[in-house]
Amino acid sequence: LEIMWLLGFASLMVYFAPSYQQFPRACATRDALLSKECCPSWDGDGSACGANSGRGFCWDVEVSQEPDGPQYPFSGLDDREKWPLVFYNRTCQCTGNFMGFNCGDCKFGFFGVNCNERRETLRRNVFHLSRAERIRLVSYLNLAKQTISQDYVVPTGTYQEMENGSTPLFTDVSVYDVFVWMHYYVSRNALLGGPGNVWTNVDFGHWAPGFPPWHRFYLLQWEHEIRKLTGDMTFSIPYWDWRDAQDCDVCTDELMGARHPQDPSILSPGSVFSSWRVLCSRPEDYNRRGVLCDARSEGPLRRNPGNHNRNVVERLPTSADVEFTLSLTSYDTGAMDRTANMSFRNTLEGFGDSRSGMGNSSRMSMHAALHVFMNGSMSSVQGSANDPIFLLHHAFVDCIYEEWLRRHRPALSQYPESNAPIGHNGGYFMVPFLPLHTNREFFISSKDLGYEYSHLLDANQRLSESIRPYLEELQGMWGWLVLAGVCGGLLSLALAAVFMHIKYKYSASTWLPAHKWRNLFALPEREPLIFSPDKEENGYNYQSTM
């Protein structure tokens with residue numbers, strides 16, 4: 001009942017809670033696009049970027065001029081180049097602990113009206129969640145999927161198709177689906193003009209140094225939006241520790257959805273996720289037509305774990321694979337793409353061999369192996385975020401990234417400043433986020449961003465975390481246990497009273513001698529409690545009997 005009340009309350013509050021994501025409705029208008037300015041007012045004081053309250057100000061965007069790598073040889077053809085200048089050249093610059101496209105939010109790890117309360121949240125192993133926490137996780141994700149965002153929209157056409165802003169092309173999506181769209185948009189192929197004319201060797205969030213920082217910020221924003229949607233500021237994304245797994249352990253109806261009994265490629269009707277519809281999952285079709293995803297429904301969520309191409313992925317990653325990846329001392333190397341050798345980033349992403357560290361491996365491992373293994377919506381880079389397993393999977397990838405940062409303590413200068421594939425230099429603003437953040441900003445410890453992983457706690461704390469859900473279950477049953485104890489005590493007293501009454505009655509009887517009533521309720525003794533010497537010689541004693 002508490003969960004249902006919370007969800008009902010959250011559904012109501014979503015219409016009043018501000019959101020801080022891309023594209024803000026206030027910036028998706030003809031006037032905003034033609035002026036190239038995205039500096040919405042903050043509701044707290046009505047001024048642009050909360051300037052009157054000292055939260056921020058509207059500034060001219062200054063993009064990095066460092067050269068990109070040779071993987072993308074074009075200029076001026078893609079809306080993501082020098083993000084966000086194609087759409088906006090003025091945005092909010094927030095001060096202090098404030099954040100958001102209008103500076104109305106708090107930076108990660110800060111809370112309160114004035115964003116001055118520092119708190120650290122814990123991301124837990126999904127199997128260490130209590131039953132109530134598992135229900136909450138599934139309910140919150142489903143609520144986000146079913147709730148149309150009131151504060152932001154997504155583009156369905158290029159800036160050129162919008163006639164340079166005079167004809168805005170945007171559409172509504174749910175809170176969940178805006179993140180699906182963002183993952184599609186950052187990884188989509190470049191449209192060079194006309195049907196079938198695309199450039200496939202480009203990805204602004206994968207295949208290069210920005211992969212871990214981009215997904216770190218992405219998960220933080222996702223977590224942030226779920227908290228605002230539900231009003232539950234304690235929510236954190238759990239992770240799936242898939243090391244040495246033999247199958248999809250999280251594919252149960254209680255968690256991410258089991259297989260359908262008649263069709264193994266879709267989800268069980270016992271899972272709420274079986275009713276979900278995916279979007280932005282058909283890159284071949286978009287490329288053939290030379291268009292962007294229009295965010296329409298494209299059928300049910302698909303998954304068929306384990307029935308994948310074994311020539312591409314041999315098995316799920318092992319503990320040895322993870323340890324080898326963590327042992328690599330260089331964050332990225334060489335051309336800083338899928339060919340990088342002995343690169344932590346490339347090996348973590350799955351294009352470097354997790355046994356030798358050699359790049360451009362014929363078989364995928366680590367992060368990429370999970371996507372292929374799922375053999376469905378997760379296996380498409382552009383559409384993978386449709387599957388809620390994406391969250392649990394990438395939380396553990398981020399955990400490995402965090403462990404590498406703590407083990408090797410790299411200087412910020414180890415993140416490449418220039419010559420990385422387009423979108424991945426240290427000072428490049430990450431596509432397609434508003435507010436603006438650079439890749440290098442998230443080349444720092446999670447503790448500096450206000451969160452920790454239970455996997456990285458010390459041994460005693462990890463043990464405490466692993467038994468916590470069981471203790472909570474017992475705590476929830478405490479009232480019933482006390483009631484059962486009281487009832488048991490009363491029953492024992494009642495039986496004792498009956499026994500004493502019978503004893504008194506028959507002890508006084510002249511026709512039943514006192515020595516006989518003692519045997520009235522006695523059971524035949526099959527084995528004496530104290531064993532005789534001859535029994536002990538036959539090898540029977542208290543320990544052997546037990």
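Atom set for the values below is all heavy atoms of this structure, side chains included, hydrogens, waters and symmetry mates excluded.
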Inset, instruction - List the steps, then state whether salt bridge (charged side-chain N to carboxylate O under 4.0 Å, His left out) holds for Asp45 with Arg55. - result: CA-CA 10 Å; Asp45 63 11; Arg55 300 177 78 95; over 6 Å; no
Cation over ring face, [X] and [Y], 6.0 Å, 45°:
| X | Y | answer |
| --- | --- | --- |
| Arg90 | Trp59 | no |
| Arg136 | Phe235 | no |
| Arg123 | Tyr239 | no |

Could you tell me which non-hydrogen atom of [X] sits nearest to which non-hydrogen atom of [Y], and how far apart they are?
| X | Y | value |
| --- | --- | --- |
| Glu349 | His367 | O-ND1, 2.9 Å |
| Leu301 | Ser377 | CD1-OG, 3.6 Å |
| Leu316 | Phe373 | CD2-CG, 3.5 Å |
| Gly205 | Val186 | N-CG2, 3.5 Å |

Is any side-chain N of the basic residue among [X] and [Y] closer than 4.0 Å to the acidic one's carboxylate O?
| X | Y | answer |
| --- | --- | --- |
| Arg134 | Glu254 | yes |
| Glu402 | Arg216 | yes |
| Arg406 | Glu452 | yes |
| Arg25 | Asp172 | yes |
| Lys107 | Asp448 | no |

Inset, instruction - Assess whether ring pair (Phe, Tyr, Trp, His ring centres under 6.0 Å) is satisfied between Tyr428 and Trp83, documenting all intermediate values. - result: CA-CA 8 Å; Tyr428 206 101; Trp83 181 262; 9.3 Å; no
Inset, instruction - Determine, stepwise, if the pair Val153 / Val173 fulfils side-chain contact (heavy atoms from CB on, under 4.5 Å). - result: CA-CA 7 Å; Val153 291; Val173 291; over 6 Å; no
So does [Y] get a backbone contact from the side chain of [X], meaning a donor-acceptor N/O pair under 3.5 Å?
| X | Y | answer |
| --- | --- | --- |
| His308 | Asn375 | no |
| Arg303 | Pro264 | no |
| Glu403 | Leu456 | no |
| Asn439 | Gly423 | yes |
| Asp105 | Gly100 | no |
| Asn386 | Leu279 | yes |
| Ser380 | Ser384 | no |
| Glu441 | Thr438 | yes |
| Ser446 | Tyr451 | yes |
| Asn102 | Gly104 | yes |

Legend entry - Residue Met430 excluded, over 12 heavy atoms near CE under 6.0 Å: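 More than 12 within 6.0 Å, yes.
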Over 60° means perpendicular and under 30° means parallel, so classify the ring planes of [Y] and [X], tilted if in between.
| X | Y | result |
| --- | --- | --- |
| Tyr176 | Trp222 | perpendicular |
| Phe217 | Phe433 | perpendicular |
| Tyr218 | Trp214 | parallel |
| Phe211 | His206 | tilted |
| His183 | Phe390 | perpendicular |

Is there side-chain contact between [X] and [Y], with heavy atoms separated by less than 4.5 Å?
| X | Y | result |
| --- | --- | --- |
| Cys106 | Asn97 | no |
| Thr325 | Val322 | no |
| Ser53 | Cys103 | no |
| Phe429 | Lys82 | no |
| Tyr185 | Phe204 | no |
| Thr121 | Thr234 | no |
| Met256 | Trp240 | no |
| Thr29 | Pro168 | no |

Inset, instruction - Quick one: do His437 and Met99 satisfy side-chain contact (heavy atoms from CB on, under 4.5 Å)? Show the steps, please. - result: CA-CA 10 Å; His437 292 279; Met99 189 183 76; 4.1 Å; yes
Inset, instruction - Test Ser187 against Gln382 for side chain to side chain donor-acceptor pair (under 3.5 Å), laying out the working first. - result: CA-CA 6 Å; Ser187 58; Gln382 297 177 24; 5.1 Å; no
Quick one: do the [X] and [Y] side chains pair a donor with an acceptor below 3.5 Å?
| X | Y | value |
| --- | --- | --- |
| Asp151 | Ser149 | no |
| Arg227 | Tyr140 | no |
| Asp263 | Ser265 | yes |
| His393 | Asp387 | no |
| Asn304 | Arg259 | yes |
| Ser236 | Glu223 | no |
| Asp79 | Thr158 | no |

Inset, instruction - Go through the steps for Tyr401 and Trp404 under the test ring pair (Phe, Tyr, Trp, His ring centres under 6.0 Å), then give the verdict. - result: CA-CA 5 Å; Tyr401 171 46; Trp404 185 87; 7.4 Å; no
Legend entry - disulfide bond (SG atoms under 2.5 Å apart), paired with Cys39, selected from Cys92, Cys58, Cys49: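 With Cys39 as partner, Cys92, Cys58, Cys49 yield a single disulfide bond (SG atoms under 2.5 Å apart), made by Cys58.
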Inset, instruction - Could you give me the CA-CA distance, side-chain angles and deciding distance for Tyr453 and Asp398, then say whether side chain to side chain donor-acceptor pair (under 3.5 Å) is met? - result: CA-CA 9 Å; Tyr453 284 100; Asp398 185 71; 2.6 Å; yes
Inset, instruction - Determine, step by step, whether His128 and His455 satisfy the ring pair (Phe, Tyr, Trp, His ring centres under 6.0 Å) criterion, reporting the C-alpha distance in whole Å, the side-chain angles of both residues, the deciding distance to 0.1 Å, and the verdict. - result: CA-CA 11 Å; His128 295 167; His455 175 70; over 10 Å; no
Legend entry - Stepwise side chain to side chain donor-acceptor pair (under 3.5 Å) test for Ser319 and Asp244: CA-CA 6 Å; Ser319 297; Asp244 306 311; 2.4 Å; yes
Inset, instruction - Please step through side chain to side chain donor-acceptor pair (under 3.5 Å) for the pair Tyr415 and Arg345, ending with a clear verdict. - result: CA-CA 11 Å; Tyr415 192 95; Arg345 186 276 314 161; over 6 Å; no
Legend entry - side-chain contact (heavy atoms from CB on, under 4.5 Å) assessment of Tyr331 paired with His408: CA-CA 9 Å; Tyr331 179 71; His408 299 282; over 6 Å; no
